[in-house]
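Notes for the one structure printed next.
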There are 2 protein chains.
Amino acid sequence: MARGSDENPPVTGRRGPAPTGRPTMRDVASAASVSVKTVSRVVHNYPFISDDVRGRVQAEIRRLGFRPNGHAVGLRRADRAAGGIGVLTADVADPFYAGMLSAIEQVSTARSFTTLVASSGEDPARERALLSTFVERRLDGLIVVSADRAHDHLRPDLDVGTRIVFADRPPRRLPVDYVLAAHAEGARQAVAHLLAQGHTSIAHVGHSPAVHTARERLRGFRAALTDAGLTPRAVRTDATDAEAAYRATAELLSLDDAPTALFTDNPPLVAGVARAIAESRAPRTALVAFDDSELARVLGVTVVAQDPRELGKRAAELLFARLDGARSRPRRVVLPTTLVPRGSGEGHGVALRSTRR
Amino acid sequence: MARGSDENPPVTGRRGPAPTGRPTMRDVASAASVSVKTVSRVVHNYPFISDDVRGRVQAEIRRLGFRPNGHAVGLRRADRAAGGIGVLTADVADPFYAGMLSAIEQVSTARSFTTLVASSGEDPARERALLSTFVERRLDGLIVVSADRAHDHLRPDLDVGTRIVFADRPPRRLPVDYVLAAHAEGARQAVAHLLAQGHTSIAHVGHSPAVHTARERLRGFRAALTDAGLTPRAVRTDATDAEAAYRATAELLSLDDAPTALFTDNPPLVAGVARAIAESRAPRTALVAFDDSELARVLGVTVVAQDPRELGKRAAELLFARLDGARSRPRRVVLPTTLVPRGSGEGHGVALRSTRR
DNA sequence: ATGAAAGCGCTAACAT
DNA sequence: ATGTTAGCGCTTTCAT
């Protein structure tokens, strides 16, 4: 029963090399003079294999550079094949989503799942197309930061077993788990902080309320003022970027009854608002911003912070709990925000030279 | 030849529902009373199909929520199936790599390829494991920011057709395309800028030269000084983080013959170095840093900048050129760096309040 | 314009 | 301890 190493034809499979040029299990099997199944067993560390056979097979695997074909595995093992999850955000380059993604990837990799990413750029059509490719790739689960207003199109996929978790923004008409920060409550926190400093004239410089998060923050802002018996007057929702925020703030501060405090709802706006304050006749105007950023840290801007990594971690955990078989009805996780006083909200102004932009 | 919609059993395939619970092409075929191949043709917009058949098939596809199985497609189509590329970086949360990733994803999505990501955390073993899963998933190409010192293990995969491009750091003993910034040249640029301001005592506060980029930057720093007839004396390579950089800088600046200018090689270090300068007896000590950052912009730190998006874009373009069949020998692309004067390198100091950390 | 059969590379269900 | 037989869901010949 001696098995000479020249008992078999060199390396090539039967009809020339495989289409991909890659050796298959069959190539390994015939090179090692065993059956395909045995190779499969060696690959999967099945214990009851003779050392002789295992050795020969492993040698051939190495020599031929064999790598299991994930497609074949995924096709055959409908159960819990080589797992993968997809993450869809607005923009992976945004530090907030980058942090979230990093935390997700960490959880995912720890479970030996691969992580796919895609950015919608806030375009609903693009989002749907990208989610389609995720589904076609038969990913086990999806984490979605949606720019869409309806999610019914995901219903069929959900019904047949694709696990889906929403993050940062809630699903619409889709019974899935989701996790988001307490945006409205965070805004209240910010206003409460300013009220406690004695401010009664507080303005809002923010994004258009088309986005869920901006809407919620504005809602919290208004509610906090109303609850305090004040009337929310100065509200700007046209600050789409730092430059617009600069103009809006400059206008607010040049009014006769200029506000003594500002609340702004987005990191990119902070640069503009801070500059406008520094250049105004009231450089000590108080400022509290939503979401932390490098800029806010450096400028000493008081913020209401959410934790992007925590958001990602919790979303991933919800997802994997479902993949592990959790059957409860959809869960809603709301993460608390943290007020971080740095000076700008306590009347110390911002640490910005007014001459430099 | 009337085809009643009740001519076939409801929906289920032959032996109960498919393992995944997902409808297959066969389910659609039998529901629409056509062959599997016809469904395939409809899915792929094959033109010569009667409107009647196309309509029936599309209706069933929608009704059943059919989605092609990417694994089956990938298995059968060895050519260029639903394409995908993998990106391995040290850390997707790092703004530099996040920007690079975003640019890659943009190119990739434009070509209808999906993008997988993974972070090695600078751990070579982890990097190899992650690259293995990429290969097993039969991705068409890989973009790698490697933390490894040898890449021979990728040789077999390269030989059988996996396209690989290195970014930010060069490959070792692997004939692949790569793109990186002119780190050494960039450091020379920084030193030249300081020399031009009349400085002759320039120190370096940097990372350990274990990483390629840090080593190159240090090399450029030394070469620039030597070429100018100066002797590089004050070189600290123990600044692993902002705190260490703070201490190193503070020590340098308290020397009797303290340097009048500093070059630092990493964004995270800037905060520490800037603070040490601001708190020193020479708050106008000149500073030039490598790599741009939000912090540098705000503090007015002069930097030698590379463009992470350009890095990603070029890497992706090199990769797709190979996927399109380019056969030239390995290309090396070196991206120029840009000196951005902001004041700290021109004797205006940094815009940091020494009282705030 | 449509269909039947074969098979991609692997694993699951039985063998022995 | 090892091998045989099917077949995952699709695309690819080759028919008609």
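In what follows, chains are A, B, ... by sequence order, proteins preceding strands, each numbered from 1.
If you find the closest nucleotide of DNA chain C to B:Arg41 and to A:Ala72, the one lying nearer the 5' end belongs to B:Arg41.
Put simply, the side chain of A:Arg67 and the base of C:dG9 share no donor and acceptor less than 3.5 Å apart.
The side chain of B:Arg76 sits closest to D:dT12 out of C:dG9, D:dT12, D:dT2. Of the listed nucleotides (D:dC10, C:dT11, D:dT11), D:dT11 has the atom at the smallest distance from the side chain of B:Lys37. Closest to the side chain of A:Phe66, out of C:dC10, D:dT2, D:dT11, is C:dC10.
As rounded to whole Å, 11 Å separates atom P of C:dA1 from atom CG of B:Asp51. The CD-C1' distance, from A:Glu136 to D:dC10, rounds to 13 Å in whole Å. What separates CZ of B:Phe48 from P of C:dT2 is a distance of 12 Å, to the nearest Å. Distance, B:Leu75 CG to C:dA6 P: 18 Å, rounded to whole Å. Between B:Arg26 atom CZ and C:dA5 atom P there is a gap of 13 Å when expressed in whole angstrom units. Across the protein-nucleic acid pair, A:Met25 atom CE and C:dG7 atom C1' stand 17 Å apart, rounded to whole Å. For A:Arg138 and D:dC8, the CZ to P distance is 14 Å, given to the nearest whole Å. For the pair B:Arg137 CZ and C:dG9 P, the interatomic distance rounds to 18 Å; values are reported in whole Å.
Of the side-chain N and O atoms in A:Ser50, one or more sit less than 4.0 angstrom from OP1 or OP2 of D:dT2. One finds a side-chain N or O of B:Ser40 lying less than 4.0 angstrom from the OP1 or OP2 phosphate oxygen of D:dT11. Put simply, A:His71 has no side-chain N or O that comes within less than 4.0 Å of OP1 or OP2 on C:dC8. At least one side-chain nitrogen or oxygen of B:Ser35 sits closer than 4.0 Å to the OP1 or OP2 atom of C:dG3.
Within 4.0 Å (heavy atoms only), A:Tyr46 reaches at least one base atom of the nucleic acid.
When each of B:Arg128, B:His151, B:Arg169, B:Glu122 is checked for a side chain to side chain donor-acceptor pair (under 3.5 Å) with B:Ser146, only B:His151 meets the rule.
A perpendicular orientation is assigned to the rings of B:Tyr46 and B:Phe48, their planes being inclined by more than 60° (bins at 30° and 60°).
Annotation for A:Asp51: atom CG does not count as buried by contact number, only 12 or fewer foreign heavy atoms lying within 6.0 Å.
Side-chain polar atoms of A:Arg22 and B:Thr162 form a donor-acceptor pair below 3.5 angstrom.
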Side chain to side chain contact (heavy atoms under 4.5 Å, CB included) between B:Val107 and B:Ile104, worked out: CA-CA 5 Å; B:Val107 175; B:Ile104 291 171; 6.0 Å; no
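Nucleotides C:dA15 and C:dT11, compared at atom C1', are 15 Å apart to the nearest Å.
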